[in-house]
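Inspection log for the structure reproduced underneath, given as structure tokens.
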Amino acid sequence: MRLDKRADDQLRPIKIQLNVIKQALGSCYFEMGKTRVIAATYGPQEVHPKHIEESDKCILMCNYNMLPFSVDGNRKKPGYDRRSVEISKVVREALEPAVFTEEYPRCAINIDMQIIQADAGTRVAAINATSLCLCCAGIAMRDIVVSVAVGRANKKILVDLTKQEEDADDAIDMPIAIMPREKKITLLQMDGIASIDEIKEIINKSFIACDELSKIHRAVLNKNISNI
Ligand code: ADP
């Protein structure tokens, strides 16, 4: 039994609310346990600066940010840093294969993600929120993208690690994003040392957890379809 009483393969409780920002074309509040993110999308719209526009497709402009009060302990310095630039890139690359970018040449789709509360897995929560946002905004997509971090802590393979679990001495953490219909991986990252068997087990458990997540995403989207 884990400290929060979950089984090893169990996701944290998930809460999703769509269209929470009136001004945005699509928006989503996504909660995975104590990790909370809000994402909003604008566009397709004109690209700024103009010279980065692409003649045959749109560009996804993703901005990930952690709010100063989102972390435990000391307040985080406000604004963007190296980590937020890396995660913005990772989120964009995880989402791009699912979007029919060729439908929106010379345009930008802007996606802003604000981490309200962080307890590990903020990049995977941001990917889930962003995929739901794009669906809300009616952006043409070939599939949704679902994401989870599976890893090892205290010699066990655990689904959807908390920060406390991630801080274990032997911890490894493998965020993954999947297009569930095509069963294709769009993001796979890992820090630390793991055996091939552990990696296989982590990937298998990630697919099972993502399957569950995709059912949750689809149920929420179906329920809200009249608002989309
Ligand atoms: P992810 O949030 O995707 O797991 P990291 O592995 O970089 O990404 O971060 C793990 C966790 O560490 C975060 O979810 C957050 O709880 C914590 N964390 C990250 N950056 C900071 C920071 N600047 N101050 C305090 N805690 C942080």
Side-chain angles (χ1 to χ4, degrees), residues 2-4 6 8-16 28-39 60 62-96 98 111-133 145-154 156-178 185-194 198-199 202-203 205-207 209-210 213 216-217:
R2 297 159 78 172
L3 278 175
D4 57 8
R6 275 184 296 153
D8 295 351
D9 295 350
Q10 201 178 345
L11 289 163
R12 288 179 281 185
I14 288 171
K15 269 195 211 159
I16 301 171
C28 174
Y29 169 79
F30 191 95
E31 185 176 307
M32 268 177 137
K34 291 182 188 150
T35 291
R36 291 165 193 176
V37 56
I38 196 154
L60 297 183
C62 294
N63 287 306
Y64 164 105
N65 182 46
M66 256 179 161
L67 293 172
F69 51 74
S70 65
V71 295
D72 273 345
N74 279 338
R75 163 183 179 271
K76 183 196 159 283
K77 195 168 162 234
Y80 295 94
D81 52 20
R82 250 179 63 161
R83 180 177 169 275
S84 63
V85 171
E86 183 228 316
I87 297 183
S88 299
K89 177 177 179 285
V90 159
V91 174
R92 175 172 53 76
E93 289 174 352
L95 265 296
E96 211 165 42
I111 305 147
D112 297 300
M113 297 150 268
Q114 296 290 342
I115 305 300
I116 302 166
Q117 192 166 277
D119 182 34
T122 61
R123 76 193 64 201
V124 301
I127 291 168
N128 287 310
T130 302
S131 168
L132 287 160
C133 246
V145 180
V146 289
S147 187
V148 70
V150 179
R152 181 192 63 213
N154 306 315
K156 280 178 164 181
I157 303 299
L158 302 175
V159 168
D160 194 12
L161 278 75
T162 61
K163 178 85 173 86
Q164 203 169 10
E165 287 169 339
E166 257 190 28
D167 288 343
D169 285 344
D170 68 334
I172 51 166
D173 178 35
M174 211 168 180
I176 192 167
I178 288 169
I185 296 175
T186 63
L187 162 76
L188 187 62
Q189 290 189 295
M190 197 192 88
D191 287 327
I193 299 166
E198 281 175 323
I199 290 177
I202 289 172
I203 292 179
K205 292 197 165 163
S206 300
F207 268 89
C210 281
L213 265 171
I216 297 171
H217 280 220

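Computation of the quantities below employed the complete heavy-atom set of this structure, encompassing side-chain atoms and omitting hydrogens, waters and symmetry-equivalent molecules. We're numbering straight along the sequence, starting at 1. In each ligand, atom 1 is the first atom listed, and ligand 1 is the first ligand listed. Source: prediction; values computed, not measured.
- Counting heavy atoms under 4.0 Å from ligand 1, residue D119 touches it through the backbone alone.
- Using a 4.0 Å cut-off between heavy atoms, V71 contacts ligand 1 through its side chain alone, with no backbone atom that close.
- Per-residue contacts place A118 under 4.0 angstrom from the following atoms of ligand 1 (heavy atoms of the residue considered): 15 (C), 16 (O).
- Side-chain N or O atoms of D119 include none that pairs as donor or acceptor with a backbone N or O of T35 at under 3.5 Å.
- Protein heavy atom at the shortest distance from atom 2 (O) of ligand 1 is T122 OG1, 2.5 Å.
- With hydrogens left out, the protein atom closest to atom 11 (C) of ligand 1 is K163 CD, 3.6 Å, a heavy atom.
- Counting atoms of ligand 1 from 1 in the listed order, those under 4.0 Å from a heavy atom of E166 are 4 (O), 10 (C).
- Within the 4.0 Å heavy-atom criterion, both parts of R123, backbone and side chain, lie near ligand 1.
- Close to ligand 1: A120, with a non-hydrogen atom less than 4.0 angstrom away.
- A distance of 10.0 Å separates CZ of R92 from CD1 of I111, quoted to the nearest 0.5 Å.
- Nearest to atom 23 (N) of ligand 1 by heavy-atom distance, out of R75, Q164, R83, K76, is K76.
- A donor-acceptor pair shorter than 3.5 Å cannot be found between the side chains of Y80 and S88.
- In summary, the side chains of R123 and Q189 do present a donor paired with an acceptor at a separation below 3.5 Å, with no hydrogens or angles considered.
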Q: Assess whether salt bridge (charged side-chain N to carboxylate O under 4.0 Å, His left out) is satisfied between E165 and R6, documenting all intermediate values.
A: CA-CA 12 Å; E165 287 169 339; R6 275 184 296 153; 3.8 Å; yes
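- Just one residue in the list V91, I176, I178, I127 forms a side-chain contact (heavy atoms from CB on, under 4.5 Å) with L187, and that residue is I127.
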(Q) What verdict does the salt bridge (charged side-chain N to carboxylate O under 4.0 Å, His left out) test give for R82 and E86, after you've listed the backbone C-alpha separation in whole Å, the side-chain angles of each residue and the deciding distance to 0.1 Å? (A) CA-CA 6 Å; R82 250 179 63 161; E86 183 228 316; over 6 Å; no
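- Counting heavy atoms only, G121 comes closest to atom 4 (O) of ligand 1 of the residues P175, A149, G121.
- For M66, the heavy-atom gap to ligand 1 drops under 4.0 angstrom.
- A salt bridge links K163 with D167: the distance from a Lys NZ or Arg NE/NH1/NH2 to an Asp or Glu carboxylate oxygen falls below 4.0 Å.
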